[in-house]
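Each chain gets a letter, A, B and so on, in the order its sequence line appears, and its residues count up from 1. As the structure is a prediction and not an experimental result, all values here were calculated from the model.
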Amino acid sequence: MLNTKKIKSGVYFHSFVDKKFKFNRISVNFVVKMDSKEVSQNAILSFLLRKRCQQYPNMLDLGKKLQQLYGANLFSGCKKVGDNQIITFGISALDDELSLNGESISKQVAKLLDCIIFDPVIESGKFVNEDVDIEKQNLVELVESEYNDKKQYAMNQALYCLFDGEGYGCNKYGDVDSIRKVENSQLIEAYKKILESAEVHIMFVGRENYRDCFDVFKNRFDSINRNNVYISQNEKYVKLGELKKKVEYDQVLQSKLVLGFASSKKYNSKLDDVIMIMTAILGGTPMSKLFVNVREKLSLCYYCSARYDLSKGLIWIESGVENKNVERAKTAILEQFEEIKNGNFSDEDLEKVIIFFENGLKSTFDSPGGIENYYLLQLCGNNVKSISDRIDNIKRIKKQDIIEVANLYSLVMDYVVTSEV
Amino acid sequence: MEKVVIKNEKLSEKYIKFKHKTGLTVLLYPMEGYSTSTAIFATKYGSIDRTFKKSTSSSFITVPDGIAHYLEHKLFENEDGVDTFELFSKTGASVNAYTSFDRTAYYFSCTDNFCESLKILLNYVQNPYFTDETVQKEQGIIGQEIKMYEDDPDWRVFFNCLENMYHNVAVNVNIAGTIESIAEINKEVLYECYNTFYNMNNMVLVIAGPFDIDSAIDIIQSEIKDSDPVEIERKVDYEPDSVVNSIVEISLPVSQPQFCIGYKLNALSGLDMLKAEMIYQLICELLVGESSELYKDLYDSGLVAGGNMDYEVFCGEGYFSLIFSGESSDPKKVLSKLNCEIENKIKTGFGNSEFDLVKNALYGYCMNCFNSPNRVAREALDSFIFKYGIYDKISILGELNLKDINDSLKLININHSTLSIVNPLED
């Protein structure tokens, strides 16, 4: 069970302890508003800080320290969760009990992570210029490389197109132009801002001894003045205006189709699980309408699946389909959605999806990363539900509930990457 | 049926191994405290098994490329018309399968209804049902799968590397085959392959998690069918030390060049292969890991994005190579720097302090393999395919010394390497 302690204004320490784990995972997550003017600066910081720190000013020495800690995995990066950007720094490392010489790993790991985040190498009031230049270039290349994986690329483009001009429509790292324009001096200001005003979730998931970790970060935040503290928030998207359509031409053997659906009115977050189950009946399992009919019966595509974007309340359907069959696939997909709206599925279909999700939710507890992710996504927006409560709610869902939520939705985004002109 | 219990003191864990009377190898790994149990029913049959003969046959047969993978797709259909996914949907298990170079694995994970799911798994894999019509129908879906991979630059750069490293070992052929080769597949050849490789003597059942051991054994006893002892002889072609081509380049819609560099080494098997795999993991980490000089050079110069090159010790029956991959504006320069570093280290050797650090890191990596039922099940499957014990990695690591590393380093021949590049399309 998740245990939460407030350390300071907007700073929370969450621990989830389970003896079965052999590794401990610690992460410090800074949550800020997804803002196109600041998103690139924060993204650069997430990569810049992990390169060196005052205790290990040479990046090779930091690499050696991680090797000494039994190959501890230092990770950092950005996520976009609804209207929020999360900047994460973390380390996953072997538990003390499994060390070869009985040394304490956890305490060293917590101190190292603390040093990386809070004691960066700063010269004359700025980060090291060479580091900033390299990380800017790396980030530009990372953003440009999103083009390589056409499935993910198509999904991103559909989302950017639908939310054009809004925070949620930004790349989680920012766009290439804004990354290139970031100045070193802006980074220092951005760094101070996230320390002082971001909502902070420190997560410990592991075997047992979280006390050392708690003390390290409690002491650290005791010395930081916190003001104008951000409170994470999330506004579900409600259908506005007309259907957006976009076709992009490229040299692909297989077209990538992305269809986005949105609710026509606001709904209570209690309906999230109902919409998730409805989406699964439509295209979330190998027994779903899309898999059985569009992939198996019509042999139209290798993948055709639907997923619910919890943070924004959208349903996305993705499909890889032969270039000449795009329109056929689209028609078949929309027909299957209509089938759900018209109640053309059985109580048994619903029961199977419920059992499937019950299994999935319970298995969340088998991985430290899974536990961290489950809670972190819900903490952003202050909507934490325990897994057992969710399972109870899911079991109460009736066929009529599914039909009602399905009828809230209509097509808002139609995006295709194809070579067929 | 003699059960052997194999323990590891450091992990305070154990597993049970036995050979069922049908020849099936069973590995049961209890893991208390977890919610999920994972079961894998697998055959030592993958895309590299193109030419083979049974002990009862007089001559070798060669089958169309991609057939092991095709068979995997077809086993999900049953004679009564009920799809296997439909059967599993009643238990809530998450189910899937995959085919690689050397195996085909069918698996499920579940938190509840474990026994029902295990029965379904054992039954559908043991009961093939193919008709001309259903075999024909699958060509559309698999054709789309092949095209999807042809658009995937990561896949293409990797396969082009293998294709141009290996003359004869069938890792040089796409696992799913080609549109042309799968058109040759019919139900007769599918049954021939099934009856050869899905013999219990060539198969393993692995289970890891909080499942009930006695119930699992009861189900194995009741559901596994008798099978005649079939011995399979796989045709082994001579594979020269040299590579086919030292460089291969194609163009796809990508933002900047992607590369794969493969160094070809001599193939090994069993514990020798496992030991060599671990030695070369340490060597790769010493060469390009985050504490290496080359990493810093690539990072500072911006030649490889983030300085990070991924590496893999790619090995199995008949093949062993080191593969380095990444994105770079100038892959040829990366190859040149990597070759220089290898030659330099061959002359100087690695030192004790850096060796101790990477050995420490590899110990952590080995422990991570025991951190979830899924990981443990995968380790157990590897141990069957390559004929070693699940804990052998840990004991071998303890015995490795610096001499092993420096001696093995000298076996890397930079002239036996292939650079595969996927370039951006020209405007």
Pair Tyr147(A), Gln256(B): side-chain N/O donor-acceptor within cut-off below 3.5 Å: no

Using non-hydrogen atoms only, which part of Glu97(A) is less than 4.5 Å away from chain B: side chain, backbone, both, or neither? backbone

Salt bridge or not for Lys64(A) and Glu354(B), using N-O below 4.0 Å? no

So SG of Cys366(B) and OH of Tyr70(A): to nearest 0.5 Å the spacing works out to 13.0 Å

Nearest-0.5 Å distance, CD of residue Glu141(A) to CD of residue Glu327(B): 7.5 Å

What is the distance from atom CG of Asn113(B) to atom CG of Asn359(A), rounded to the nearest 0.5 Å? 7.0 Å

Is Lys22(A) positioned over the aromatic face of Phe370(B), cation under 6.0 angstrom from the ring centre and no more than 45 degrees off axis? no

Please identify, among Leu253(A), Ile355(A), Leu298(A), Ile354(A), the residue contributing the most non-hydrogen atom pairs under 4.5 Å to chain B. Leu253(A)

Would you tell me whether Asp366(A) and Ser372(B) have side-chain atoms, one donor and one acceptor, within less than 3.5 Å of each other? no

Say whether, by atom type as modelled, one donor and one acceptor occur between the side chain of Lys10(B) and the main chain of Ser99(A) under 3.5 angstrom. yes

Val254(B) versus Asn148(A), closest heavy-atom pair with distance: CA-OD1, 3.2 Å

Hey, are the side chains of Asn360(B) and Gln67(A) touching, using non-hydrogen atoms and a 4.5 Å cut-off? no

Sort out for me which of Phe365(A), Phe357(A), Phe23(A) touches chain B most, counting heavy-atom pairs under 4.5 Å. Phe23(A)

In a check of side chain to side chain donor-acceptor pair (under 3.5 Å) between Gln254(A) and each of Glu145(B), Gln144(B), Lys147(B), which one passes? Gln144(B)

Check each atom of Leu94(A) against the heavy atoms of chain B and say whether the ones under 4.5 Å are side chain, backbone, both or neither. side chain

If I measure from the heavy atoms of chain B, does Ser367(A) come under 4.5 Å with its side chain, its backbone, both, or neither? neither

Around Phe350(B), counting heavy atoms of other residues, nucleotides and ligands shown, do more than 12 lie under 6.0 Å from its CZ? yes

State, to 0.1 Å, how close Asn138(A) and Tyr299(B) come at their nearest heavy-atom pair, and which atoms those are. ND2-CE1, 3.8 Å

In Å and rounded to the nearest 0.5 Å, what is the NZ to CD distance from Lys19(A) to Glu32(B)? 14.5 Å

Hey, are Lys362(A) and Asp112(B) close enough for a salt bridge, meaning a charged N less than 4.0 Å from a carboxylate O? yes

Which portion of Lys151(A) sits near chain B, non-hydrogen atoms under 4.5 angstrom: neither

Kindly compute the distance separating CG (Asp133(A)) from CG (Asp300(B)), expressed to the nearest 0.5 Å. 12.0 Å

Exercise: identify the closest heavy-atom pair between Ser89(B) and Lys352(A): OG-CD, 2.9 Å

Closest non-hydrogen atom pair between Ser291(B) and Gly63(A), with its separation: CB-C, 4.0 Å

Could you check if a side-chain atom of Lys256(A) sits within less than 4.5 angstrom of a side-chain atom of Met148(B), using non-hydrogen atoms only? yes

Between Phe85(B) and Phe291(A) (judged by ring centroids, cut-off 6.0 Å), do the two rings come close enough to count as a pair? yes

Of the backbone (N, CA, C, O) and the side chain (C-beta and beyond), which part of Arg50(A) lies under 4.5 Å from a heavy atom of chain B, both, or neither? side chain

Look at Lys51(A) together with Glu290(B) and state whether they make a salt bridge at an N to O cut-off of under 4.0 Å. no

